[in-house]
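Below is one structure, written out as structure tokens, with a few remarks after it.
Computed from a prediction, not measured in an experiment: that's the story for all the values here. Read the numbers this way: they start at 1 and go in the same order the structure lists the ligands and their atoms.
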Amino acid sequence: MKKILILGGGFGGIRAALDLEKNLKNEAQITLIDKNGYHLFLPALYEVASAYNIKKDPFAVRLKKSICIPYHSIFENKKLDFIQDEVTKIDLNGQKVFADARVFEYDYLLMALGSQTNDFGIPGVKEYAYQFKSIEDALMVNKKLEESIKRSSVSYPAKIFVCGGGFTGVELAAELSCCAKKVARVNRIKHKSHTVTLFEAGPKILPMIPEEKRQHILRRLTRLGVSVMENSPIEEVGPDFIKLKNGQNMDGNIIVWTAGIKANELLKNVAGLSVSASGKVITDEFLQVKDSKNIFAIGDNVEFIDPKTQKPVPALAYVANDQGKTAAKNLINIIRGRPLKRYKPFYSVWVAPAGGKYAIAHLWNGIHITGFWGWVVREIIDLRYMLSILTPGKALSLMWQEVTLFTKND
Ligand SMILES: Cc1cc2nc3c(=O)[nH]c(=O)nc-3n(C[C@H](O)[C@H](O)[C@H](O)COP(=O)(O)OP(=O)(O)OC[C@H]3O[C@@H](n4cnc5c(N)ncnc54)[C@H](O)[C@@H]3O)c2cc1C
């Protein structure tokens, strides 16, 4: 029986694993390795950071459960081995993967290891800013937010800095502002308790969306009390300050870094792997790793140039999910001796949540849905994803938990 090894159980790895299991359960031995025991639903991480009244649940069990989906729940009754272990080395020549506790051999390899936070070499980012990539980061931000607001005074409001004006930075700044207001209101704080500032190094936040929609989001952020500082590259981050390239020093209580991602560090040391200048894996149009016949790569750890735009496809959950589908299909095709299927990039849909039950959704054919119904669209997209990886009962229960927990600060 052929051995298929999947590295990483994120949006790409899970999709591929489920599709492979459905089609090849009696023809191949499928194994998925992830360093965590759960799939982290990153699109709702900002909701955990800004969820209200976490203290009622001191170990944050409900919050963790709302976005950390255990693999045993996803792969229940599936003929697939899930191993929790951290991959440390990949030996392409020997067809082996080394993890902390074991060594795995494979006939076919699927690399879906995701990305890491990019600090762009700016001093202090790693040490002092919250890297917004794990459940622990989100819970720390949440705790610090409530503490800082309660400790604020007339002369020293809590200063919250979000660095990076992409979708993650925008949704986080907007939602932290809503949560901060709720904490101040419930604790009867009458003075100005906080400020929220969103920094963007480039000339514009969200440069990838149409100008009219960008202006809409800017107005919404202003209404929520978020100050947006565009053209403000950061030079240094300290324990309680940031220094801008223009020499300005600003004191802050909470500094969150959402300014970008880079390739998984592990890929650097894989001998014989073709990587781009940014360190990501290069694949062909079938998502097959360059110069290999039995290795595929998908998701954030890949640099795939869209033939239409000649630019890399963006690092998005549904892009990773689509690539997972194509890579699984191609592994099935190889094993069954059929021709490979080309990956066709699709990434023109976006939803920008902007505080509370409010979002701007850009759908097919230029349709926009804004406000409460935009938020509903976002919830439907999340539910659709949950239904694609869980049984209907589990998916609905998870969505119910999310909605009831995350709307408490609205
Ligand atoms: C805060 C945040 C919010 C986001 N919001 C959205 C959104 O709203 N919509 C959207 O489309 N995209 C969003 N994204 C982007 C999206 O989450 C990524 O594009 C997507 O997760 C990529 O999927 P992936 O499978 O490539 O990697 P991931 O989902 O990151 O999965 C990689 C997996 O590999 C595992 N792993 C890594 N290294 C090792 C190792 N050495 N050994 C074992 N396991 C390892 C990790 O534990 C992880 O489970 C967001 C990203 C972030 C950080």
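Where the criterion is an N or O separation shorter than 3.5 Å, residue side chain and backbone included, D34 meets it with respect to ligand 1. Inclusion of G12 in the set of residues having an N or O under 3.5 Å from an N or O of ligand 1 is warranted. Considering backbone and side-chain N/O of L266, none are found under 3.5 Å from N/O of ligand 1. Residue-to-ligand polar distances place F11 within reach of ligand 1: an N/O pair is separated by less than 3.5 Å. Distances between N or O atoms of V87 and those of ligand 1 include at least one value under 3.5 Å. Taking only nitrogen or oxygen atoms, main chain and side chain alike, L316 reaches within less than 3.5 Å of ligand 1. For the pair D300 and ligand 1, the shortest N or O to N or O distance falls below 3.5 Å. Ligand 1 has no N or O atom lying under 3.5 Å from any N or O atom of K133, backbone or side chain.
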Ring pair (Phe, Tyr, Trp, His ring centres under 6.0 Å) between Y343 and F304, intermediate numbers included: CA-CA 10 Å; Y343 164 62; F304 188 92; 4.9 Å; yes
Steps toward side-chain hydrogen bond (donor to acceptor under 3.5 Å, both in side chains) verdict (E303, S278): CA-CA 8 Å; E303 183 163 299; S278 66; 2.9 Å; yes
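If you look at F11 and Y385, their ring centroids are closer than 6.0 Å. The six-membered or imidazole ring of F161 lies near that of F199, with a centre-to-centre distance under 6.0 Å. In summary, the aromatic rings of Y71 and Y38 are positioned with their centroids too far apart to meet the 6.0 Å limit.
Using a 4.0 Å cut-off between charged side-chain N and carboxylate O, K144 and E147 make no salt bridge. Under 4.0 Å is where a charged nitrogen must lie from a carboxylate oxygen, and between R214 and E230 at least one such pair does. Taking a cutoff of 4.0 Å between a charged side-chain nitrogen and a carboxylate oxygen, K243 and E235 qualify as a salt bridge. Using a cutoff of 4.0 Å between basic side-chain nitrogens and carboxylate oxygens, R342 and E285 are scored as salt-bridged. Between D137 and K133 no salt bridge is recorded (no basic side-chain N to carboxylate O distance below 4.0 Å).
Residue contacts with ligand 1 for A320 involve side-chain atoms from C-beta outward but no N, CA, C or O (heavy atoms, distance under 4.0 Å). Within the 4.0 Å heavy-atom criterion, the part of R378 lying near ligand 1 is the side chain and not the backbone. At a heavy-atom cutoff of 4.0 Å, ligand 1 is contacted by no atom of Y385, backbone or side chain. If you look at L7 next to ligand 1, there are no close heavy atoms at all, none under 4.0 Å.
Residue contact check: G114 has heavy atoms under 4.0 Å from atoms 26 (O), 27 (O), 30 (O), 32 (C) of ligand 1. Atoms of ligand 1 lying under 4.0 Å from any heavy atom of T168, numbered from 1 in the order shown and given with element: 1 (C), 2 (C), 3 (C), 4 (C). The atoms of ligand 1 that sit less than 4.0 Å from any heavy atom of N36 are 47 (O). Counting atoms of ligand 1 from 1 in the listed order, those under 4.0 Å from a heavy atom of A112 are 32 (C), 33 (C), 34 (O).
Under a 4.0 Å heavy-atom criterion, D85 is in contact with ligand 1. Not close to ligand 1: Y347, with no non-hydrogen atom less than 4.0 angstrom away.
Annotation: K329, atom NZ; neighbour count of heavy atoms from other residues, nucleotides and ligands within 6.0 Å does not exceed 12.
The CG atom of D81 sits 12.0 Å away from atom CD1 of I4, with the distance rounded to the nearest 0.5 Å.
Note that atom 14 (N) of ligand 1 has no protein non-hydrogen atoms nearby, at separations under 4.0 angstrom.
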